[in-house]
Enquirer: 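Let me give you the structure first, and then I'll get to my questions.
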There are 2 protein chains.
Amino acid sequence: MRNNTIGSLIWLRLMRFTTQSNQLSNEFLKRFDLTTAQFDVLMQISVYQPLTQSELAEKVTVTQGGISRMLVRLEKEGYIERKQDWKTKTISLTEKGEAVLEQAFPEQLAFQSSFFDEVLSEEEQKTLYTLMTRVHKNSQKKELPPE
Amino acid sequence: MRNNTIGSLIWLRLMRFTTQSNQLSNEFLKRFDLTTAQFDVLMQISVYQPLTQSELAEKVTVTQGGISRMLVRLEKEGYIERKQDWKTKTISLTEKGEAVLEQAFPEQLAFQSSFFDEVLSEEEQKTLYTLMTRVHKNSQKKELPPE
DNA sequence: CACCATCACTTGATTAGTCAAGTTAAATAA
DNA sequence: TTATTTAACTTGACTAATCAAGTGATGGTG
């Protein structure tokens with residue numbers, strides 16, 4: 001063993017980096033009493049509101065069940081509102097949700113960016129972004145290979 | 001709102017891609033009755049064995065408690081062995097563990113690589129790898145900014 | 001007009017991880 | 001030699017997600 005391919009090395013780096021930076025981000029967001037996942041959901045709502053739970057679930061790559069529980073928590077905290085419209089629940093931010101996001105948004109963005117700003121030039125960041133965009137888009141239409 | 005920085009866009013892509021491809025990978029590995037996390041742990045053991053739990057925990061970015069539970073499962077399945085050496089437990093693969101890994105390794109590597117091979121040239125993959133390596137290394141020494 | 005299928009969402013059971021307190025063995029000091 | 005500290009690992013309580021079964025409202029069909 002072990003002839004690693006370049007692809008598998010990239011994969012590992014990505015996995016390690018994301019778990020690591022996700023942990024750091026969770027710690028960072030404690031000051032706003034949010035988790036990274038919650039921040040993500042609030043962001044998506046703020047951009048796309050009003051929207052349904054299924055739409056949201058898809059945007060943040062979580063199951064229906066997952067989004068349901070998550071929104072219960074966020075609703076209990078008073079960050080969001082759900083209205084039963086027809087058979088659909090329409091989600092939107094409350095005042096309080098807007099306020100928290102308004103506060104957390106610039107800081108969280110700066111924090112996320114710092115991971116890249118500290119070691120990559122503007123040019124390199126653009127390159128990284130386009131490469132990852134291609135990779136991500138590809139993965140979205142990927143099927144499992146047959147056994 | 002919302003002037004996204006290039007860094008925050010990269011971050012989002014990375015997060016979405018890793019959760020997505022992690023899910024696909026878990027599905028893929030079902031044929032070997034493994035999860036992605038388990039495969040990762042077995043790989044690390046196979047490369048570095050014999051090693052202690054704390055060393056392993058650090059390599060796979062998991063807490064001591066997490067590694068402990070994980071190894072209990074892997075031991076129950078008969079993939080690994082733990083020996084009490086001094087006050088340390090030394091971990092190594094069993095025959096069965098070696099065998100599973102031997103089987104799963106090439107397929108999983110090919111699967112991981114396919115995410116990148118399908119859309120990036122060799123050259124581009126190298127670029128992506130070096131950029132991510134720099135970003136990852138930087139995140140490892142990162143401290144939380146003050147409130 | 002009553003029944004059935006479907007869609008959007010919720011919920012019980014399970015899994016995987018975190019954190020912090022607990023356990024045990026070894027090393028060090030008195 | 002006993003007593004204390006430390007290191008490595010485990011465990012109980014909790015959190016967050018998954019999957020699959022359940023619920024209830026809408027809309028179509030015989």
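Naming: A, B, ... by sequence-line order, numbering from 1 per chain.
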Enquirer: In whole angstrom, what separates B:Leu24's CG from D:dT18's C1'?
Expert: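 These atoms are roughly 15 Å apart.
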Enquirer: Can you tell me if B:Ser54 touches the phosphate of D:dC9, counting only side-chain N or O atoms and a distance under 4.0 Å to OP1 or OP2?
Expert: yes
Enquirer: Is any side-chain N or O of B:Thr63 closer than 4.0 Å to OP1 or OP2 of C:dC19?
Expert: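 Answer is no, no contact under 4.0 Å.
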Enquirer: Kindly say whether B:Thr90 contributes a backbone atom to a donor-acceptor pair with the side chain of B:Arg82 at under 3.5 angstrom?
Expert: no
Enquirer: Roughly how many Å is it from CE in A:Met15 to P in C:dG17, rounded to a whole number?
Expert: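 Rounding to the nearest Å, CE of A:Met15 and P of C:dG17 are 14 Å apart.
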Enquirer: Mapping B:Gln38 and A:Lys30 to their closest nucleotides on DNA chain C, which lands nearer the 5' end?
Expert: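 This one resolves to B:Gln38.
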Enquirer: A:Lys76 has an atom NZ; how far is it from atom C1' of D:dA16, in whole Å?
Expert: 13 Å
Enquirer: Could you pull out all residues at least two apart from A:Glu77 that satisfy salt bridge (charged side-chain N to carboxylate O under 4.0 Å, His left out)?
Expert: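 Partners of A:Glu77 by the salt bridge (charged side-chain N to carboxylate O under 4.0 Å, His left out) criterion come out as none, since no residue qualifies.
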Enquirer: First locate atom OG of A:Ser8, then atom CZ of B:Phe105, and finally report the distance between them rounded to the nearest 0.5 Å.
Expert: 6.5 Å
Enquirer: For the pair made of CD in A:Glu27 and C1' in C:dT18, what is the distance, rounded to whole Å?
Expert: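 Rounded to the whole Å, the gap is 12 Å.
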Enquirer: Name each donor-acceptor pair under 3.5 Å that joins a side chain in residues 108-116 of chain A to protein atoms two or more places apart or in another chain, with its distance.
Expert:
| residue | atom | partner | partner atom | Å |
| --- | --- | --- | --- | --- |
| A:Gln108 | NE2 | A:Ser25 | OG | 3.2 |
| A:Ser113 | OG | A:Leu109 | O | 2.7 |
| A:Ser113 | OG | B:Thr5 | OG1 | 2.6 |
| A:Ser114 | OG | A:Phe111 | O | 2.6 |
| A:Ser114 | OG | B:Lys142 | NZ | 2.9 |

Enquirer: Using a cut-off of strictly less than 4.0 Å, decide whether A:Gln53 has a side-chain nitrogen or oxygen near OP1 or OP2 of C:dT10.
Expert: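 For C:dT10, OP1/OP2 do have a side-chain N/O of A:Gln53 under 4.0 Å.
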Enquirer: Roughly how many Å is it from CD in B:Glu77 to P in C:dT15, rounded to a whole number?
Expert: 12 Å
Enquirer: Once you round it to whole Å, what is the distance between C1' of D:dT15 and CD of A:Gln23?
Expert: 15 Å
Enquirer: For A:Glu58 and C:dA8, what is the distance between atoms CD and P respectively, to the nearest whole Å?
Expert: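 Value for this atom pair: 12 Å.
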Enquirer: Under 4.0 Å: is that the gap between some side-chain N or O of A:Arg82 and OP1 or OP2 of C:dT10?
Expert: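 For A:Arg82, the contact criterion (side-chain N or O under 4.0 Å from OP1 or OP2 of C:dT10) is met.
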Enquirer: Between A:Gln64 (side chain only) and A:Ser54 (backbone N and O only), is there a donor and an acceptor less than 3.5 Å apart?
Expert: no
Enquirer: I'd like to know if the side chain of B:Gln44 and the backbone of B:Val41 have a donor-acceptor N/O pair within less than 3.5 Å.
Expert: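 No: the side chain of B:Gln44 does not pair with the backbone of B:Val41.
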Enquirer: Return the value, rounded to whole Å, for the distance between atom CD1 of A:Ile67 and atom C1' of C:dC9.
Expert: 12 Å
Enquirer: Do other residues, nucleotides or ligands put more than 12 heavy atoms under 6.0 Å from A:Gln140 CD?
Expert: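 Correct, the count exceeds 12.
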Enquirer: Distances for protein N/O vs nucleotides 11-13 of chain D N/O pairs under 3.5 angstrom?
Expert:
| residue | atom | partner | partner atom | Å |
| --- | --- | --- | --- | --- |
| D:dG12 | N7 | B:Arg69 | NH2 | 3.2 |
| D:dG12 | O6 | B:Arg69 | NH2 | 2.1 |
| D:dA13 | N6 | B:Arg69 | NH2 | 3.1 |

